[in-house]
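Values in this document were obtained by computation on a predicted structure and should not be read as measured data. Whatever order the structure lists ligands and atoms in, that order sets their numbers, starting from 1.
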Amino acid sequence: MKKSYDKLASLFKRKGYIWGPSPEIYEGGVAGFYDLGPLGTMLWRKVADTVRMNYFEHSFYEITAPLIMPKKVWEASGHLGGFTDPLIKCIKCGSVYRTDKLITGLFPKEEVDGLTYKEYDEKIEKLGIKCLKCKMQLSRTVPQDMMLKTTIGLDKEAYLRPETATTTYLPFKRYYEFFRRKLPFGVFQLGKAFRNEISPRHGLIRTREFNQAEAQLFIFKGDKNKWEAWSEFKDAELNLYSCKLQGRGLRKPKQVLLKDAVKNKLLQSKAYAACLGICYKIVLDLGFNPKRLRFRQHFPNERAFYALDAWDIEWHSDFFGWVELAGVHDRCDYDLKQHAKFSGQDLRVLNNGRKEVPHILEIAFGIERLVYCLLEQCYDEEKERTVLRLPPHMAPITIMVFPLLNKDKIPEKAKEVEDFLLEEDFYAEYDGTGSIGRRYRRADEAGTPFCITIDHQTLEDDSVTVRDRDSMKQLRVKISELPEFIEMAVSGEIDF
Ligand code: GAP
């Protein structure tokens with residue numbers, strides 16, 4: 001059945017996943033700002049924890065840095081003046097658009113990746129694109145600064161960080177001591193970033209305030225083929241869409257083993273390839289469908305100013321086409337050299353007796369994008385019901401507990417079962433209102449994978465029914481065996 005975006009967005013609102021734009025009660029809110037409701041926040045936490053645990057498993061340590069930094073930091077990083085989006089304006093009514101998104105919004109099949117501003121304007125002319133509001137002619141494309149400005153104290157110019165990465169680089173000398181002067185080492189931050197996007201669109205996909213989970217590996221240039229994580233990923237097979245394939249107009253990426261990609265110089269080092277491997281593992285752990293994933297390499301003129309090489313992991317949305325979930329960047333020695341220059345501090349460290357500025361490899365996720373894309377992937381409209389097929393380990397509420405009838409001590413027994421499951425560390429909730437059918441539908445829409453029903457038989461033999469959201473089948477299970485049963489069901493080991 002063809003899905004409807006309006007229905008999906010209204011379900012996410014109704015079930016407490018995504019609200020906004022925020023603040024809704026003031027003139028309908030401001031574009032690019034959203035609230036996550038109770039279930040949205042619970043899902044956000046699970047997504048963030050999955051990314052965090054993967055970084056920990058690959059020896060990255062977490063730090064927390066300020067969100068605001070003085071102007072000088074952003075001059076050094078290159079963001080002031082260099083962090084821009086292509087903006088186009090209506091010459092009559094003044095409406096503004098992000099040029100690349102305007103083109104792909106109207107012509108989804110048009111390729112815009114890697115185009116220069118002049119090429120954007122040529123496309124706008126060739127395709128006859130006019131202002132969406134008043135149909136008048138558009139200006140030329142110009143760069144628009146995305147930094148959000150503020151003031152520290154009375155007059156110190158400062159900016160909200162547009163990425164966590166830069167603020168992770170600044171304590172480099174502290175890390176060097178903390179890691180006992182031994183490279184490589186990894187550090188990550190999970191926290192807010194702010195961008196003054198020209199035309200924030202598509203709900204959580206492009207907002208002005210969002211969370212990033214960005215891991216940074218500090219490694220000497222000569223050691224980029226020696227990182228230990230490589231052994232875990234060398235046999236991983238990824239769907240790679242290189243510049244070469246894109247440039248030749250072959251629209252299909254190729255399945256490539258990471259070890260072959262490094263051998264053929266498609267990827268420049270084993271450490272960088274391992275970063276792609278970690279990124280892929282995270283996305284699979286979250287439950288994304290591998291058939292809808294690809295890694296797309298940036299064209300040289302599309303890469304951020306700091307990147308030597310860049311590949312994005314992209315997921316295919318039914319409504320918005322390919323969406324970037326994360327970027328993997330080889331930032332070489334750009335950042336530390338810039339901060340050394342602007343701060344006047346020597347950020348070189350000893351490598352076999354010689355002083356050297358390390359390189360940085362980065363895995364950059366946005367958490368809210370993961371949340372939206374996972375929700376969209378799991379949203380399903382069936383004839384009889386709407387269901388959110390979240391992987392059981394990601395669902396905010398794992399189990400709903402229902403009394404079949406509100407009499408004969410059945411509700412009391414159901415409360416006992418709920419308490420028992422909570423004590424066993426499952427997230428369970430009681431619901432005794434409405435018909436049992438309606439309660440199942442509510443749970444299906446919220447993405448709850450299992451519903452337990454307590455009936456007269458429960459009072460006799462301490463057994464309950466467990467209903468599986470996806471197959472809608474039920475099994476009878478003893479209350480004492482529920483913890484083991486639910487654990488197995490969450491990991492997909494029960495065949496309903
Ligand atoms: N430190 C590198 C960096 O910031 P990026 O590709 O600009 O790289 C990384 O951003 C991730 O942050 C993206 O893959 C995306 O998931 C998320 N992101 C970027 N801009 C965003 C926005 N306006 N709204 C929501 N998420 C965004």
Exercise for review: Pick one of side chain, backbone, both or neither for how Glu314 approaches ligand 1, counting any non-hydrogen atom pair under 4.0 Å.
Suggested key: neither
**Study point:** ligand 1 versus Glu362: contacting region, heavy-atom distance under 4.0 Å
**Key:** side chain
Which ligand 1 atoms does [X] reach within 4.0 Å, using its non-hydrogen atoms?
{"X": "Leu325", "value": "14 (O), 16 (O)"}
{"X": "Tyr306", "value": "2 (C), 3 (C), 8 (O)"}
{"X": "Ala165", "value": "1 (N)"}
{"X": "Ala364", "value": "2 (C), 9 (C), 11 (C), 14 (O)"}
{"X": "Ala326", "value": "14 (O)"}
{"X": "Thr207", "value": "22 (C), 23 (N), 24 (N), 25 (C)"}

Residue, atom name and distance, where the atom is the protein heavy atom closest to [atom]:
{"atom": "atom 12 (O) of ligand 1", "result": "Gln212 NE2, 3.3 Å"}
{"atom": "atom 19 (C) of ligand 1", "result": "Arg195 NH1, 3.4 Å"}
{"atom": "atom 8 (O) of ligand 1", "result": "His329 CE1, 3.5 Å"}
{"atom": "atom 15 (C) of ligand 1", "result": "Arg369 NH1, 3.5 Å"}
{"atom": "atom 27 (C) of ligand 1", "result": "Phe210 CE1, 3.4 Å"}

Point to revise | N/O separation below 3.5 Å, Gly366 to ligand 1 | key: yes
Review point. Going by heavy atoms, is Ile205 under 4.0 Å from ligand 1?
Key: yes
